[in-house]
Visitor: 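Quick one: the structure is below, questions incoming.
Atoms within a ligand are numbered from 1 in the order they appear, just like the ligands themselves. Residue numbers count from 1 along this sequence.
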Amino acid sequence: MVTRTTIGVLALQGGVREHLVALDLCGVSAVPVKTVEQLDLIQGLILPGGESTTIIKLASQYELVEPIKERIRSGFPVFGSCAGMILLADHIEAGTADQETFGGLDAVVQRNAFGRQTESFETPLRLDNDMAPFPGVFIRAPLVMSVGSGVNVISTIEGGAYAGRVVGIEQENLMATAFHPELTPDLRVHHRFVKMVNESQW
Ligand code: GLN
């Protein structure tokens, strides 16, 4: 019997449903995750956008912080979008006092990096070496300020004031975007994560 890949979406707060829909369209089984037991039933996890301070507090209440950290260290595939990117970063700027993250990504990520005037906007992105731009949807988004040598840049902003800024990164079993691919019909980023999950030993 062939079992279908199952990917979870951390369902404590934020844009859970849109990720579930995108995963479904990629042909994998998608489930909301709230407990450690549910973590054992999935081969990869998405940390959605929302409010990183709230998500980490709830994760702590649900006793999910250590189990997720452990899995990240052991090679479990995780993709974080927006607040999810913040939650995967080893270092954050403009966090609240002692704001914790799951960590794992050797990067410095600045919260709310685009300022008040541009709280939410859409701009074309470069994704790898694809000719077709990716529609970048940003909502009070973070920016990647610097990355360690083991981190791969997968996406940058194409033009305008923020041209060339890094908004998508990957490091071994981890992937993160400052933008929200789940709010567009373009499934390239989700397909990329599904491929990472399918190729992992998890
Ligand atoms: N500004 C939010 C945070 O700091 C992220 C916004 C989002 O996920 N759309 O968590």
Side-chain angles (χ1 to χ4, degrees), residues 7-23 30 32-34 44-62 64-65 68-69 72 78-125 127 134-147 154-157 160-162 165-170 174-190 192-193:
I7 296 181
V9 181
L10 189 65
L12 302 175
Q13 189 261 340
V16 177
R17 194 172 44 88
E18 294 83 354
H19 276 296
L20 292 171
V21 171
L23 289 169
V33 166
K34 277 189 176 174
L45 179 69
I46 292 183
L47 307 176
E51 180 50 56
S52 55
T53 52
T54 307
I55 295 176
I56 198 74
K57 269 188 209 144
L58 289 170
S60 167
Q61 281 168 26
Y62 282 73
L64 284 169
V65 177
I68 290 176
K69 280 186 177 176
I72 287 174
V78 181
F79 164 41
S81 66
C82 202
M85 170 184 258
I86 297 166
L87 290 165
L88 281 179
D90 279 343
H91 306 283
I92 52 176
E93 285 176 359
T96 56
D98 61 33
Q99 183 176 343
E100 207 196 339
T101 67
F102 297 119
L105 269 178
D106 183 12
V108 179
V109 169
Q110 188 185 322
R111 287 179 71 214
N112 306 329
F114 294 92
R116 270 170 193 255
Q117 306 316 314
T118 45
E119 284 215 327
S120 137
F121 62 100
E122 196 168 330
T123 190
L125 308 177
L127 182 64
F134 192 91
V137 175
F138 292 85
I139 305 168
R140 298 192 72 225
L143 257 179
V144 178
M145 307 310 280
S146 64
V147 293
I154 60 171
S155 184
T156 52
I157 295 180
Y162 293 94
R165 298 302 296 264
V166 175
V167 290
I169 52 178
E170 203 173 63
L174 304 177
M175 197 176 120
T177 62
F179 54 99
H180 291 268
E182 76 283 8
L183 296 182
T184 72
D186 194 320
L187 292 172
R188 275 179 286 166
V189 172
H190 286 85
R192 187 190 183 99
F193 183 58

Visitor: Looking at CD1 of I72 and CG of L47, how far apart are the two atoms once the value is rounded to the nearest 0.5 Å?
Guide: 6.5 Å
Visitor: On a heavy-atom basis, I'd like to know which of A141, P142, G49, G50 is closest to atom 5 (C) of ligand 1.
Guide: G50
Visitor: Step by step, work out the side-chain contact (heavy atoms from CB on, under 4.5 Å) result for T123 and F179.
Guide: CA-CA 10 Å; T123 190; F179 54 99; over 6 Å; no
Visitor: Polar contacts were defined as any N/O atom of the residue lying under 3.5 Å from an N/O atom of the ligand; does this apply to S81 and ligand 1?
Guide: no
Visitor: To check your reading of the model: name the closest protein heavy atom to atom 1 (N) of ligand 1, its residue, and the distance in Å.
Guide: N112 OD1, 2.6 Å
Visitor: Do me a favour and list the nearest non-hydrogen protein atom to atom 4 (O) of ligand 1 with residue, atom name and distance?
Guide: R111 NE, 2.7 Å
Visitor: Which heavy atom of the protein is the closest neighbour of atom 7 (C) of ligand 1, given with residue, atom name and distance?
Guide: C82 SG, 2.8 Å
Visitor: Please identify which of these residues, M85, R165, Q110, meets the side-chain contact (heavy atoms from CB on, under 4.5 Å) condition with V144.
Guide: M85
Visitor: Find the distance between OG1 (T177) and CD1 (I154) and round it off to the nearest 0.5 Å.
Guide: 7.5 Å
Visitor: side-chain contact (heavy atoms from CB on, under 4.5 Å) with F102: which of I68, L174, L45, L64?
Guide: I68
Visitor: Within ligand 1, which atoms have a heavy atom of R140 less than 4.0 Å away?
Guide: 1 (N), 2 (C), 5 (C), 6 (C)
Visitor: Checking the N or O distance criterion of under 3.5 Å, is ligand 1 in contact with A83?
Guide: yes
Visitor: What protein heavy atom lies closest to atom 3 (C) of ligand 1? Include the residue and the distance to one decimal.
Guide: S52 OG, 3.5 Å
Visitor: Are any non-hydrogen side-chain atoms of I56 and I86 less than 4.5 angstrom apart?
Guide: no
Visitor: What part of I86, side chain from CB on, backbone N/CA/C/O, both or neither, has a heavy atom under 4.0 Å from ligand 1?
Guide: side chain
Visitor: Can you tell me how far CD1 of I55 sits from OG1 of T101, rounded to the nearest 0.5 angstrom?
Guide: 12.5 Å
Visitor: Answer yes or no: does an N/O atom from T53 fall short of 3.5 Å to an N/O atom of ligand 1?
Guide: no
